[in-house]
Amino acid sequence: MNRKTLVLPALAGLLAPALAACGGTSGGASGGDAIVVGTTDTFAVTEDSPAPFDPAAGYDVSAWNIMRNTFQTLVRPPRSGTEPEMEAAEKCEFTDEVGEQYRCTLREGLTFSNGHDLTAEDVEFSVRRMLDIGFELGPASLLSNIDRVQATSDTEVVFHLRKPDATFPYKLATPAAAILDSESYPRKSFREGYEIAGSGPYRIDSFDEEAGRAVLARNEDYEGTLDVRNDRIELRFFDSSRTMEKALRDGGIDVMSRSISPEQVVRLRNNDDDAIELVESPGQEIRYLVFDTSRSTAGQRAVRAAMAQVVDRKALVRDVYRRTAEPLYSMVPSGLVGHRNSFFNEYGEPDPAAARELLEEAGVETPVKLTLHYTTDHYGAVTRDEFEALRTQLDATGLFDTDIQGVPWKEYRPAAAEGAYEVYGFGWFPDFPDADNFIAPFLAEDNFLKLPYVSEEIREDVIPRTRRETNRAASAAAFGRAQDILARDVPLLPLWQGKQYLAAREDITGVEWALNSASVLQLWELGRGVQG
């Protein structure tokens, strides 16, 4: 079938994310040649990034693409819906009425890829190690509510939480809670290099940084709930999506993953090559601007609100992203319980006159001089076009005098964390499909952006109140209130919500399930066969 567009059905009011597969431990493995998957993700062992695949260090979609396929977690995201399902554990549950104690029983016979037994002590070690290292650019904040973790036997582990948290099982389903071999990983430091000792569906057979390729071989000792449909995956790393597309058309790769540019989506959608199909699915990736509210210019609410008043999201997704994204008027994307179009409700359609009035009432001299920073090599080459469009939109009002500056990701991420930029762009690929993961990571006390902005109502009321709510639909009103506060104060400015795309040769199956809602590759879904 050529140029297939897939939109997965809604479930319980949510976009059903294309998440992990369910089924047996072996299932339909196709055997034969490795399935070759192209990506523009790159990895390098450097002084600043000595451990690309250590769960305590990696906290971006590139690293999680590897970790999701090589490590196990106690529970995992479902193939559709939102409720986590069992993986390394055969049973997990809250064992108290207030939601502060969570107990898991492991499956029998679990082993790591190096042959070592996996026990509850390894789970305890992994969690304690994550928290002890506490790398500020890593995912430790996802587990920061754990007061203590205890292996009560070889197969049972108990988590004691500081505060009730109904989202805790979702967090255990992320690579932040990856189970590590306590005999192979140092307790207080990273495991450097590319080697992994995990118990997931694959092991890293080879990683050739110079050649730009890695081979993931099926882990024959894997004991979990995923149906692994191939024996080997070869990842090939490309400098650009253009060269990756050429490799797909020439038959050098079987699957083209991130990043596929909007121009390529249009071209692949409209081409007449029956040997290639394009798969589209819903996504929860968002893109937004961050304001350092401690600065003299961005610290003025009128400046931030004026920008919110004039940014034209519809033009952005039409002209720059070729409708491969949707306008976003909230930090919580559409399709999730609790989403509310708060920024549209507050500002409506772009209105330069209303923006001028905001600035004049606040006594702000115009044009307001600003520099917008963006990363040149993490979200795709089109990011520059996006920021040029934002500059044009702002400057066309006569209210702003805007400059833009691009910075490589390896410098950009730490500089942003250190407060080097007044206004800058970021993307967010969710850790789990719940509104909490679009509010707490930005506004909780230990938020990963280290925002100087604080909303006491969100931090002290909304977040703890929604985390006590086991019926997630009942948290919608509180999350709506949080979005209204953000629209009023504008410490963040949501821009767009992305769709997801993979392109593949016609004999590759399972492509429609190979991306989860956070844009993480689930390589076990891919198989080789003839589609009818």
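A quick note: this is a predicted structure, and the numbers were derived from the prediction, not measured.
Comment: Arg295 engages Asp292 in a salt bridge, judged by a side-chain N to carboxylate O separation of less than 4.0 angstrom. Between Glu388 and Arg384, at least one side-chain N (NZ, or NE/NH1/NH2) sits under 4.0 Å from a carboxylate O, which counts as a salt bridge. Ion pair Arg488/Glu346 not flagged as a salt bridge, since none of the NZ, NE, NH1 or NH2 atoms sits closer than 4.0 Å to an Asp/Glu carboxylate oxygen. The existence of a salt bridge linking Glu457 and Arg459 is excluded, since no basic side-chain nitrogen approaches an acidic carboxylate oxygen closer than 4.0 Å. Using a cutoff of 4.0 Å between basic side-chain nitrogens and carboxylate oxygens, Asp254 and Arg505 are not scored as salt-bridged. Taking the charged nitrogens against the carboxylate oxygens, Arg465 and Asp461 do have a contact shorter than 4.0 Å, which makes a salt bridge.
The side-chain hydrogen bond (donor to acceptor under 3.5 Å, both in side chains) check on Tyr59 picks up Asp431, with sequence neighbours excluded. For Arg68, there are no salt bridge (Lys or Arg N to Asp or Glu O under 4.0 Å) partners at least two apart in sequence or on another chain. Shown here are the salt bridge (Lys or Arg N to Asp or Glu O under 4.0 Å) partners of Arg304, two or more places apart in sequence or in another chain: there are none. Remark: Asp385 pairs with no residue by the salt bridge (Lys or Arg N to Asp or Glu O under 4.0 Å) rule, at least two apart or across chains. Ser259 is linked by a side-chain hydrogen bond (donor to acceptor under 3.5 Å, both in side chains) to nothing, counting only residues two or more places apart in sequence or in another chain.
Here the two rings, on Tyr424 and Phe291, have centers that are 6.0 Å apart or farther. Centroid-to-centroid, the aromatic rings of Tyr412 and Tyr374 stay 6.0 Å apart or farther. A ring-centre distance under 6.0 Å is found for Tyr321 and Trp496.
Ring pair Tyr194/Phe53 is tilted by interplanar angle, where 30° to 60° counts as tilted.
With rounding to the nearest 0.5 angstrom, the OG1 atom of Thr167 is 8.0 Å from the CG atom of Asn437.
Inspection of the Ser141 and Asp446 side chains reveals no N or O donor paired with an N or O acceptor under 3.5 Å. A donor-acceptor contact closer than 3.5 angstrom is absent between the side chains of Thr383 and Glu386.
Minimum interatomic distance between Asp436 and Pro441 (heavy atoms only, all atoms of both residues): O-CD, 3.3 Å.
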Check: residues 349-368 side-chain donor-acceptor pairs under 3.5 Å, at least two apart:
unit_1	atom_1	unit_2	atom_2	d
Glu349	OE2	Lys314	NZ	2.9
Asp351	OD1	Ala353	N	3.2
Asp351	OD1	Ala354	N	3.1

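Annotation: cation-pi pair Arg213/Phe237 absent, no NZ/CZ under 6.0 Å from the ring centroid and within 45° of its normal.
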